[in-house]
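One structure is given below, encoded as structure tokens.
Naming convention: chains lettered A, B, ... in sequence-line order (proteins, then strands); numbering from 1 in each chain.
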Amino acid sequence: MKNASASRRAFRQGFMSEAKQSSLEPENCAEVRDSFQGALDAIETYFERNWTDGLPIVPPVPELIQRMLNAVDRKPHEVLGAVAPRMGEATVEAVAINAVMAGCKPEYFPVVLAAVEAVLEPSFNLGGVQATTNPLAPLVIVSDTLGVKLGFNSGYNCFGQGNRANATVGRALRLVLSNLGGGHPGTGDKSTMGQPAKYTFCVAESPLSPWPPLHVDQGLPKDSDGVTILACNYYPVEAYNRKGRMGREGQVAGAGLPSPERDDSDDNSDVEILESYAEAVIFYPGTQCANFGGQVGIVINPHLAQILAKQGWQRRDIQLYLYENARIPRGSLPTLTSEAKGLAKKRWPLWFNLADAHKPIPLVKKPEDYIILCCGDAYRVFGAVLGPWSSLGGAAHSKVVRRAEDVTRDPQES
Amino acid sequence: MQSAYIRLPNPTGIVRTRKGKTAKRLDSLDGKVMGVIDDAMVNAHVLLDALAAEIEKNYTIKERVSIIKENWSASLPREVYDDMRKRVDFVIVGVGVCGGCTAGSVEDGVQFELDGIPSVTVVEDLFQPLASAKKELMGLSEYEPIIIAYPMGNDEQAAAKGRAIMAQAVSVLTGRVQAVAAA
């Protein structure tokens with residue numbers, strides 16, 4: 001039959017008929033035996049059709065998809081937007097399918113949905129983020145209270161392996177970017193090197209953070225749960241006191257760590273911590289910032305964050321410190337392409353261009369372009385810098401996470 | 001009794017593409033206003049300038065309108081695009097030498113075609129698959145960007161590449177194979 005044939009053709013190509021609103025319509029589905037062998041066959045089928053990230057998926061059986069949909073108060077066919085560059089429609093249902101495939105629990109689904117909504121904001125420029133030769137990946141940052149509630153890891157090895165929530169939520173976003181957005185290596189994703197975070201990249205803010213959650217800092221309600229997205233690269237930082245207490249011996253012995261309990265009023269451990277970050281920003285993403293601008297993530301573990309907070313450092317203070325101190329001479333700005341044509345005048349504040357060659361200039365346009373995040377183990381000195389892609393896109397975007405039970409409790413919705 | 005088979009969905013969703021048409025080709029470039037859209041990539045301006053100059057040498061171009069994109073990884077802002085569309089008879093766009101800039105340039109080139117203005121988009125061979133995917137998604141699979149060999153090279157090499165594709169560019173814009181030899 002002609003129509004059936006056309007549907008099969010569309011299915012093979014990964015493009016569904018416009019007339020079909022649901023990915024669960026028979027014409028759009030693969031059939032496998034309802035058995036253990038059928039599940040294994042399904043995994044292989046999804047590999048064959050290039051519908052995975054290179055790892056086995058959980059077969060998205062209708063029952064599991066429905067469990068995802070039950071976790072949000074959204075219509076399955078509601079369209080969140082089109083995922084660039086392929087422009088596959090991100091319906092709630094399509095995102096749910098990919099969340100199942102990633103191994104998400106249903107309670108994670110509202111987080112996945114909010115993350116997808118964040119990357120679909122036009123100013124995030126997902127088409128550029130996906131297609132760029134830069135290795136960056138969108139990082140999903142889950143707010144502290146929600147992270148605790150859902151079991152996200154914000155402590156030891158929080159950017160690493162070993163936690164289902166972190167691993168599967170980050171993976172779900174990646175599958176959405178690949179399957180709906182066509183972000184496949186060599187076509188929709190032209191990254192020269194890629195990075196491991198392209199498999200999954202998700203972390204939660206620490207409940208020990210002395211500062212408000214990021215999404216609140218970005219202007220969302222204080223009493224909300226939120227997700228923040230930042231497209232970035234990860235660079236480790238060792239933030240230490242160079243005046244002895246955190247010297248080599250101290251680190252090995254675990255002694256001499258700067259402590260929030262100690263009276264630090266007469267030392268400058270706070271400044272030395274921040275100096276480490278300022279140096280790391282210059283050393284790691286400095287050239288990228290100088291070339292292309294963008295936002296820089298500053299990841300501070302709860303231990304160091306509390307030392308800073310105890311000495312009065314709020315997010316804004318840290319942003320201002322880094323803006324003032326992470327600088328390079330104007331003359332070291334590359335004079336490639338746009339700079340040569342005067343576009344730098346538009347990309348940077350005018351005074352950057354008026355500065356002489358020796359004048360130190362900041363690596364971001366404005367202090368708020370430092371995104372301060374608190375997570376990690378509370379007892380050591382490591383942190384991280386999250387390098388940007390450019391001022392062309394990938395900046396921090398936050399969304400409120402709304403679960404079905406939240407909506408039910410909301411008196412305005414009843 | 002349980003069904004013997006179970007349905008599993010396609011996770012790639014719906015793509016709503018519109019089937020578009022390329023613009024009517026020009027009879028000649030003589031007397032036409034030429035738009036040049038430089039995506040600000042390394043030496044893109046050198047290549048495009050050489051191409052534009054070569055066109056001007058062979059045809060009586062009424063005016064050249066040039067712009068440099070502020071965001072090479074996206075299509076032109078609406079107001080800039082609209083202004084350009086009103087002012088030009090054809091455009092040359094490029095150069096796609098990275099992921100974002102290829103997507104952005106092809107999107108611009110295709111959009112001009114869809115709006116009735118013939119365009120030439122120049123893309124490096126390494127980014128041809130992305131360019132192909134982009135034009136197809138925009139419903140214009142017959143659109144053919146001009147492909148140059150990697151690397152674009154230094155000023156001299158980029159200019160040579162620009163001059164070398166002049167006849168091809170004119171063919172794309174007029175729909176006729178050109179006998180005009182590159183200088």
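The heavy-atom pair separating A:Leu392 from B:Ser73 by the smallest distance is CB-OG, 3.7 Å.
With hydrogens and angles left out, the side-chain atoms of A:Ser191 and A:Asp189 include no donor and acceptor closer than 3.5 Å.
Contact count versus chain B (heavy atoms, under 4.5 Å) is highest, among A:Thr133, A:Asn125, A:Thr192, for A:Asn125.
Heavy atoms closer than 4.5 Å to chain B are found in both the backbone and the side chain of A:Ala42.
Between the OG atom in B:Ser66 and the CG atom in B:Leu48 there is a gap of 8.5 Å [rounded to 0.5 Å]. One finds the CZ atom of A:Arg49 at 12.5 Å from the CD atom of A:Glu44 (value rounded to the nearest 0.5 Å).
Within residues 84-122 of chain B, the residues having any heavy atom less than 4.5 Å from a heavy atom of chain A are, in residue-number order, B:Cys98, B:Gly99, B:Gly100.
Under a cut-off of 6.0 angstrom, the local environment of OH in B:Tyr150 is sparse, with at most 12 non-hydrogen atoms contributed by other residues, nucleotides or ligands. More than 12 heavy atoms of other residues, nucleotides or ligands shown are found within 6.0 angstrom of CD on A:Glu78.
Side chain of A:Asn179 to main chain of B:Gly13: no donor-acceptor pair is present (N/O by atom type, distance under 3.5 Å, no hydrogens or angles).
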